[in-house]
Structure formats: C-alpha cells, structure tokens
Enquirer: 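Sharing a structure here in structure tokens format.
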Amino acid sequence: MLAIVAAIVFGIAFLFSLIGTSIGISTTALIALGLCLLALHQAGIGTSTVGGTWRGRARR
C-alpha cells in the first residue's frame, strides 16, 4: 500500500516539475516523502499481511 502511495507522490512531483508550479512544498520535499514511503514499504510497514506471513495464509 505504501508503495502505491509513493508512486502517486512521485507522479505528482514529476508533474509539478514538468509544469513548473508549486503548492507551497518543493519538488525535493515530495521526492524525499516518496523515498521515505518506499523505505517504510521495504521495511514491511503498511503491508496487508495481518497475523503471519503469506505462507501461513496459503496453507489455510
């Protein structure tokens, strides 16, 4: 889920960079936010598995 949110943030940052507009937050800050979300996703935070791994769900 966090990876999808990070992709949206990166897309918004890319569009703002192309258009040259600003909403009060810089493009660099949006990129940093996207990288933070990707790092949280890689750490396993925000995943959809609750109460075990995907292998445990597949056996049931």
Side-chain angles (χ1 to χ4, degrees):
M1 183 69 182
L2 287 176
I4 294 170
V5 174
I8 292 170
V9 169
F10 282 134
I12 291 170
F14 180 68
L15 286 176
F16 284 167
S17 177
L18 283 178
I19 297 171
T21 62
S22 178
I23 59 169
I25 188 167
S26 67
T27 305
T28 307
L30 286 174
I31 291 173
L33 175 63
L35 289 174
C36 180
L37 290 170
L38 281 178
L40 289 172
H41 174 74
Q42 289 295 317
I45 298 171
T47 57
S48 62
T49 57
V50 176
T53 63
W54 62 273
R55 291 181 184 158
R57 288 190 326 213
R59 291 182 190 154
R60 293 181 191 165

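From a predicted model like this one, the values you see are computed outputs, not experimental measurements. Numbering of residues begins at 1 and proceeds along the displayed sequence.
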Enquirer: Quick check for you: to the nearest 0.5 Å, what is the distance between Leu15 atom CG and Phe10 atom CZ?
Expert: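 Leu15 CG to Phe10 CZ: 13.5 Å, rounded to 0.5 Å.
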Enquirer: Indicate, with yes or no, if Leu35 and Val5 share a hydrophobic cluster defined by side-chain heavy-atom contacts under 4.5 Å among Ile, Leu, Val, Met, Phe, Trp and Tyr.
Expert: no
Enquirer: What's the shortest heavy-atom distance between Ala6 and Gly34, and which atoms?
Expert: CB-O, 3.6 Å
Enquirer: Transitively linked via ILVMFWY side-chain contacts under 4.5 Å: Ile12 with Ile31?
Expert: no
Enquirer: Do you know the tightest heavy-atom contact between Thr27 and Ala13?
Expert: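 Distance-wise, the nearest heavy atoms are CG2-O, 3.6 Å.
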Enquirer: Would you say Ile4 and Val9 are hydrophobically clustered, going by side-chain heavy atoms of ILVMFWY under 4.5 Å?
Expert: yes
Enquirer: Answer yes if Met1 and Ile8 sit in the same cluster of Ile, Leu, Val, Met, Phe, Trp and Tyr residues linked by side chain heavy atoms under 4.5 Å apart, and no otherwise.
Expert: no
Enquirer: Measuring only between side-chain heavy atoms, which start at C-beta, is Leu38 closer than 4.5 Å to Leu2?
Expert: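 Not touching, per the 4.5 Å side-chain cut-off.
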Enquirer: Could you check whether any side-chain heavy atom of Phe16 comes within less than 4.5 Å of a side-chain heavy atom of Ile25, counting everything from C-beta outward?
Expert: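 A side-chain contact under 4.5 Å is absent here.
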Enquirer: How long is the gap from CD1 on Ile23 to CG on Leu30, to the nearest 0.5 Å?
Expert: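 One finds 6.5 Å between CD1 of Ile23 and CG of Leu30.
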